[in-house]
Each structure stands twice: as structure tokens, then as C-alpha cells.
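This report refers to the structure that appears directly beneath it.
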Amino acid sequence: MRRTRKLVAAGCICAAMATGMTAFAMPGATSLVTVTPRTASSASSDDTNQAQRETAQEPETQAVQMPETTGAPAVPENEDTNQENAVGTPSKVTVGAASLTAASNVSVAASGPEGVVSQAAVQMAAASPAEVPSPYKDVAVSQVNGDDDYVNIRDEASTEGEILGKIYNNCAATIEETVEKEDGTWYKIHSGSVDGYIKAEYFVTGDEAEALALKIGKMFGYVEEGGLRVRTEPTTESDIITTLWAGEKYTVVEQADGFVKLSLGDDDDGNPVTGYVAEQYVQVYVKFDKAISLEEEQEMIAEAKRREEEAEAAKKSSKRDAVVAYAKQFIGNPYVWGGGSLTNGTDCSGFTRGVLGHFGYGLSRTSGAQAGDGRQVPLNSVEPGDLIFYASGGRIYHVALYIGGGRVIHAIDEAHGIGISSMYWTTPYCAVDVIG
């Protein structure tokens, strides 16, 4: 066995699961590496300097008061965000120019041992940024072909070794050791909670891994302060679309001139609803897939079975509880604009239509039309099973199902799929009761 190098790890999140489960797409545990490319020219532009002066005079967050909602927490919490930040919200560290883009700055945030950037590295970046390597330099990305779409991780560099876990296609890993054997090169890797051996032929590294990581990674923005203004253009002079709440995360479309462009979903015509927020109030990070252990896989299968059993039992309880329990079965399943399948892909209105349709409530196809399908109720007195609508410029573009405790379940977007958020992930427009 020959030890050749130890790489500082890449963060990743499990996106692939065991086959045969139709009601759920089951994500694994979370680990983060944050990469925030920003062009160097943006820091010196007149528009950016003007925006920064305006921001200093009038912060982009405003004092907000939570509407009173039955059972709502004092501060909205996002179930997915809490899970992903179980070890604490990542801290932000800025390192110098990397090979992501020419003369770019990179922000790296990490939790746990993966993705750690030392203080010495930060100081070196400040002194000579051109010499700092890309944070993706040591990322190895799996490339697995075949019907199973995964390869086993073993406890020794041999096909006779005990299977410890699985790594699926396009997952990131840290290579801790290189081992030359008669049957070829093996890597000892760390990915997620799994440490073990895998054939080197199943990975790409170096520049190829960096290019692939940038392609397959999903970029998100975590809102750090409540009342954050969302604007139509990347300037503090543009119109305010809505406000966001602390603790929520959104898909990042792009970053430019001191602003981050966020996705707020699609409208009824399939057009994206987006807006700009000042970047100093948003932590941007990239998520990758990772390996899962056999124990984690069994736990997720057991969790799926538990959800099914809960949903079945809920049918014997109140109708509203049954609606919520039924909706939760589909957490993690994909978002598909225009789709209507709760298992294979649906959009926001297709999701609410499918869930309530299961209990005999007929809804219109679009979110705007669904707002007229029931009795409008005050936002501070909604009950589980009610529909919550969101609007941009007075036009409804998104609908979610209220599940109690200030939370909703909805088909969010392609990056998130079906998931649970705070009712105030963006400002609610109105609420409708179709159950009665």
C-alpha cells in the first residue's frame, strides 16, 4: 500500500437512492461546500460602488413583523434547512483567485471536516490571490456507468472486500490514499459518512473533476436576515417585488454587481419568477451528491415505510390530518413544470390538485385559478389543508399546501423538488379553504 496524497474534502448531498421505491425519492444526509464565484470587475464598477453606498445608507433588510398564524413559530423555520445545517450554519471564509474563472474570488463555507480552509490559507490568499488553487482542485467526482448507476465501496482494495456503502454517479469524494494493485489502481475515499476503497477508474479528478463539479453542482442562497427586499433589477433603485424571511434557502440563478438573482419558482405560463437581493445578506453555496452507507440506506428505506404507515393510519383520523399525511408521502419527489404526477414529477398547482383530488376535491389546473376554487380565509387563521398563494406584482404564480405550525408543503422548483418550507418563504398573498 502506498500513500501518495490526502485531499481536503468536497461537500456533497445524496441524490440517488435504492430502486423499487415509488412513493419517495429519499435524499441522504447533508454536507456543504460553498463556492461563490464573483467577477473581479464587478468590485470596481461605478454601478456597484453606487449600490454599496446606497445600501450603507438604507439597508436592504427592513423591520418586519410576523403575521399571527395559528400554531406558527415566532421565527419561521425551514425543515430542509434545519436538516442540512444540523451541525450549524456554515461560516463564510473568503479565499483568493481560483481556476473557476479568470481573476475570480471564491467564498468557501464548510461544516465538519469536509471542505475546511485553514486560516493560513486565508492569509495566503489575501497576500497573493493568484497563487491560491481552486477549491475544486482536490475534488474527485464519480462516473459510474451501468444499470445500477452505482458502485460499491469496500473495506479493502479488493473486490473480495466487505461492502460498506454505495457511491452513485456524479457524487463527490475526497481521495485519502492511492493503492496500486495487480488489478489496477484503487482509491481510499471519504464521502459522506463512508470511508473505504473503490477502483480509480470510477472517478475523474483534476481539471476534469472541476469542470464536472461546476456542471452538476446546485447553487443555493441562504437568507441570513429577515425582511430582505427582492427587487426587479440588480440595483437599490429598482422596484421591490416582495420580501424574504430569515432561515430560508432559494435557488441561485446568477451573481453580478453585488447582487444575487434568486428563483422564486415558475408562474402559470411556465415563466420563471426571479428577483435580485443584495449579496451581503445571502450566503451562497453549492451542493453535491455523496456516498451513502448501507446503514443510511436501510434507515431511509425504513423512514419511507414509516411515512407510508403514518399516511395509512391518518386516513382513519380527521380529514385535514389525512390530507397533510398524504401530501408528506411525496417529499423529495421531482418538480416538473406542467407535470401532474405526484411520484414522477409535478409543478406546484399539479401537486395541490393531485393531493386534494385524492380526497375528492376538484381543483383547477393553474395556481391562479385555484385561488378561486374555495373560500378565502385570513392568513392568520389558516388550518392544515388550506391553500397558500404567492404573487408577484399582484399576479398569483405559486401555490402551497398549509400543514400547520407555520409551514407549507409544495413543489418548489427543479432543484428542490417537493419539500417543506416556512409559510413565509416569501410573502404570502392570500389563503383559500377548499375542504370546508
Side-chain angles (χ1 to χ4, degrees), residues 66-72 76 230 232 239-245 248 250 262-275 319-320 322-324 326-328 330 335-342 345-413 416-436:
M66 177 74 68
E68 293 183 3
T69 305
T70 303
V230 183
T232 56
D239 294 336
I240 298 173
I241 299 174
T242 185
T243 57
L244 305 180
W245 297 80
E248 293 296 328
Y250 304 84
L262 301 179
S263 169
L264 302 178
D266 295 333
D267 64 18
D268 288 340
D269 297 324
N271 300 314
V273 178
T274 59
K319 187 170 293 185
R320 289 183 180 274
V323 168
V324 171
Y326 181 75
K328 286 182 177 180
F330 308 106
Y335 173 100
V336 176
W337 181 82
S341 171
L342 297 175
T346 183
D347 57 13
C348 64
S349 56
F351 175 72
T352 52
R353 188 170 186 246
V355 170
L356 288 169
H358 179 77
F359 296 89
Y361 301 101
L363 296 182
S364 302
R365 181 60 187 89
T366 65
S367 57
Q370 286 183 10
D373 286 340
R375 175 179 61 88
Q376 193 164 122
V377 295
L379 287 167
N380 62 357
S381 61
V382 291
E383 295 182 69
D386 288 345
L387 299 178
I388 309 297
F389 295 88
Y390 302 86
S392 176
R395 182 184 180 190
I396 292 172
Y397 72 91
H398 190 75
V399 61
L401 184 76
Y402 186 69
I403 61 173
R407 297 175 182 271
V408 294
I409 184 171
H410 52 150
I412 305 171
D413 59 20
H416 290 83
I418 297 172
I420 292 176
S421 303
S422 162
M423 172 180 167
Y424 304 99
W425 74 291
T426 185
T427 305
Y429 181 73
C430 66
V432 168
D433 176 13
V434 298
I435 296 177

Item to complete: Using the side chain to side chain contact (heavy atoms under 4.5 Å, CB included) rule, take Cys430 and Ile396 through it: C-alpha gap first, then chi angles, then the decisive distance, then the call.
Response: CA-CA 9 Å; Cys430 66; Ile396 292 172; 4.3 Å; yes
Worksheet item: Please walk me through it: do Tyr402 and Val377 pass side chain to side chain contact (heavy atoms under 4.5 Å, CB included)?
Response: CA-CA 12 Å; Tyr402 186 69; Val377 295; over 6 Å; no
Item to complete: Run the numbers on Asp413 and Asp266 for side chain to side chain contact (heavy atoms under 4.5 Å, CB included), then give the verdict.
Response: CA-CA 8 Å; Asp413 59 20; Asp266 295 333; over 6 Å; no
Discussion item. Checking Ile403 against Ile420 for the side chain to side chain contact (heavy atoms under 4.5 Å, CB included) test, could you report, in this order, the C-alpha distance in whole Å, the side-chain angles of both residues, the deciding distance, and whether it holds?
Written reply: CA-CA 9 Å; Ile403 61 173; Ile420 292 176; 3.8 Å; yes
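No side-chain heavy atom of Phe389 sits under 4.5 Å from any side-chain heavy atom of Pro428. Using a 4.5 Å heavy-atom cutoff, the side chains of Tyr326 and Leu401 are not in contact. The closest side-chain heavy-atom distance from Thr426 to Ile241 is not below 4.5 Å. In this structure the side chain of Ser341 never reaches within 4.5 angstrom of the side chain of Thr346, judged on heavy atoms. When side chains are defined from C-beta on, Leu387 counts as touching Leu363, because their heavy atoms get closer than 4.5 Å. Annotation: side chain of Val434 is not in contact with side chain of Thr352 (no heavy-atom distance under 4.5 Å). When side chains are defined from C-beta on, Ser392 does not count as touching Leu264, because their heavy atoms never get closer than 4.5 Å.
Heavy-atom contacts from other residues, nucleotides or ligands closer than 6.0 Å to OH of Tyr429 number 12 or fewer.
Note on residues 379-394: pairs passing salt bridge (Lys or Arg N to Asp or Glu O under 4.0 Å), not counting sequence neighbours, are Arg320-Glu383, Arg320-Asp386. Here salt bridge (Lys or Arg N to Asp or Glu O under 4.0 Å) pairs that include residues 369-378, with residues two or more places apart or in two chains, are Arg375-Asp433.
Side-chain atoms of Asp267 come within 3.5 Å of backbone N or O of Asp269 as a donor-acceptor pair. Without hydrogens or angle criteria, Gln370 side chain to Val399 main chain gives no donor-acceptor distance under 3.5 Å.
The OG atom of Ser422 sits 7.5 Å away from the CZ atom of Arg407 when rounded to the nearest 0.5 Å. A distance of 15.0 Å separates OH of Tyr397 from OG1 of Thr366, quoted to the nearest 0.5 Å. Here the straight-line distance linking atom CG of Asn271 with atom CH2 of Trp337 works out to 8.0 Å at 0.5 Å rounding. Taking OG of Ser364 as the start and CG of Asp268 as the end, the distance is 10.5 Å to the nearest 0.5 Å. The NE2 atom of His416 lies 9.0 Å from the OG atom of Ser263; values are rounded to the nearest 0.5 Å. Atom OH in Tyr335 sits 10.5 Å away from atom CD1 in Ile412 (nearest 0.5 Å).
Closest non-hydrogen pair, Val355 versus Phe359, comes out as O-CD1, 3.3 Å. Listed here is the closest heavy atom pair of Ala327 and Ile409: O-CD1, 3.3 Å. Leu342 approaches Gly350 most closely through the heavy-atom pair CD2-O, 4.4 Å.
A donor atom on one side chain and an acceptor atom on the other are found under 3.5 Å apart for Thr427 and Thr243.
Relative orientation of the His410 and His398 rings is perpendicular, given thresholds of 30° and 60° on the angle between their planes. Using cut-offs of 30° and 60° for the angle between ring planes, the Phe351 and Phe330 rings count as perpendicular.
Under the 4.0 Å criterion applied to side-chain N and carboxylate O atoms, Asp347 and Arg365 are assigned as salt-bridge partners.
In terms of the side chain to side chain donor-acceptor pair (under 3.5 Å) criterion, Thr274 has no residue partners (sequence neighbours excluded).
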